[in-house]
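Notes to accompany the following structure.
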Amino acid sequence: MGREGFFITLEGGDGSGKTTVLGRVAAYLQNRSMPYLITREPGGIEIAEKIRSIILDPAHTAMDARTEALLYAASRSQHLAEVVEPALKEGLTVLCDRFVDSSLVYQGYARGLGIDEVWAINRFAIGNRMPDLTFYLDVDPEVGLARIAANQEREVNRLDLESLAFHQMVREGYQLVVKAYPERIVVLDANRPIHMVEQDIVRILEERVLKGF
Ligand code: TYD
């Protein structure tokens with residue numbers, strides 16, 4: 001059996017350019033003839049999709065924040081078992097749009113459950129599997145929201161502005177998580193034009209691939 005693939009995750013707030021960058025990383029891996037898989041939770045996995053639909057059901061206004069965090073962890077565990085682990089074992093490089101850091105930040109910090117508490121349940125959900133490398137696209141929420149508004153050809157509305165405080169919390173949360181994992185997480189200034197972010201990512205990938213991560 002050959003070597004396990006590399007596990008790369010992408011994190012960032014709204015309007016950070018995560019989706020665009022994801023395509024660029026895929027193109028890089030393709031050019032390098034590195035077999036890869038791009039995925040995101042729940043990733044079309046039936047059990048994980050069902051769990052996520054419970055979280056997202058608008059009728060579930062009574063859902064407790066802890067329940068939500070546990071469901072995210074459960075969905076993650078299933079996606080890992082059915083998609084990520086088998087692919088890594090086959091030697092594919094797996095690129096996942098959001099992973100455990102999203103829970104640490106959104107549930108642990110922004111929703112106030114505590115980063116350590118959310119880490120504890122996720123530790124159980126993911127076992128020893130952590131990303132080899134995580135790109136965090138750091139964008140000022142005002143820049144991010146303005147980009148979204150521009151894409152949708154509309155003004156930033158009241159709702160966006162109300163959510164600004166939440167996005168600020170998300171950014172603060174990511175900054176804490178980055179401090180906790182300085183080796184694993186590479187921070188990219190995503191306030192710049194997205195092609196510059198992509199250039200940085202390709203350069204870093206090139207270094208890491210040559211080093212074998
Ligand atoms: P997603 O559909 O990935 O949208 P995008 O990445 O384009 O922003 O994420 C939807 C929301 O789910 C996003 O606001 C973050 C949130 N989320 C959590 O709160 N916890 C998690 O563990 C994950 C994976 C996502």
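These values consider heavy atoms only, across backbone and side chains, with no hydrogens, waters or symmetry-generated copies. Counting starts at 1 for both ligands and their atoms, following the listed order. Everything quoted here is computed from the prediction, not taken from an experiment.
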Open item on the list: I'd like the residue list for ligand 1, meaning every protein residue with a non-hydrogen atom under 4.0 Å from the ligand.
Closed with: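 Shell around ligand 1 (4.0 Å, heavy atoms): Asp14, Lys18, Arg40, Glu41, Tyr72, Arg76, Arg98, Ser102, Ser103, Tyr106, Gln107.
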
Task: Polar side-chain atom of His167 near backbone of Ser163 as donor-acceptor pair, under 3.5 Å - done: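 A pair under 3.5 Å: yes.
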
- [ ] Compare all side-chain heavy atoms of Glu49 with those of Pro42 and state whether any distance is below 4.5 angstrom.
- [x]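 In short, these two side chains touch, coming nearer than 4.5 Å.
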
TODO: For Lys18 and Glu11, work out which heavy atoms get closest and say how close.
DONE: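 The pair with the smallest heavy-atom distance is CD-C, 3.7 Å.
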
Open item on the list: Could you work out, with salt bridge (Lys or Arg N to Asp or Glu O under 4.0 Å) as the rule, every residue matching Glu46, not counting sequence neighbours?
Closed with: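 For Glu46, the residues satisfying salt bridge (Lys or Arg N to Asp or Glu O under 4.0 Å) (neighbours in sequence not counted) are Lys50.
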
TODO: For residues 83-119, pull every pair meeting ring pair (Phe, Tyr, Trp, His ring centres under 6.0 Å), keeping only residues two or more places apart or in separate chains.
DONE: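 Of all non-adjacent pairs touching residues 83-119, those that pass ring pair (Phe, Tyr, Trp, His ring centres under 6.0 Å) are Phe7-Phe99.
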
Open item on the list: For residues 19-42, which residue pairs pass the ring pair (Phe, Tyr, Trp, His ring centres under 6.0 Å) check, not counting sequence neighbours?
Closed with: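 Passing the test, one end in residues 19-42: no pairs.
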
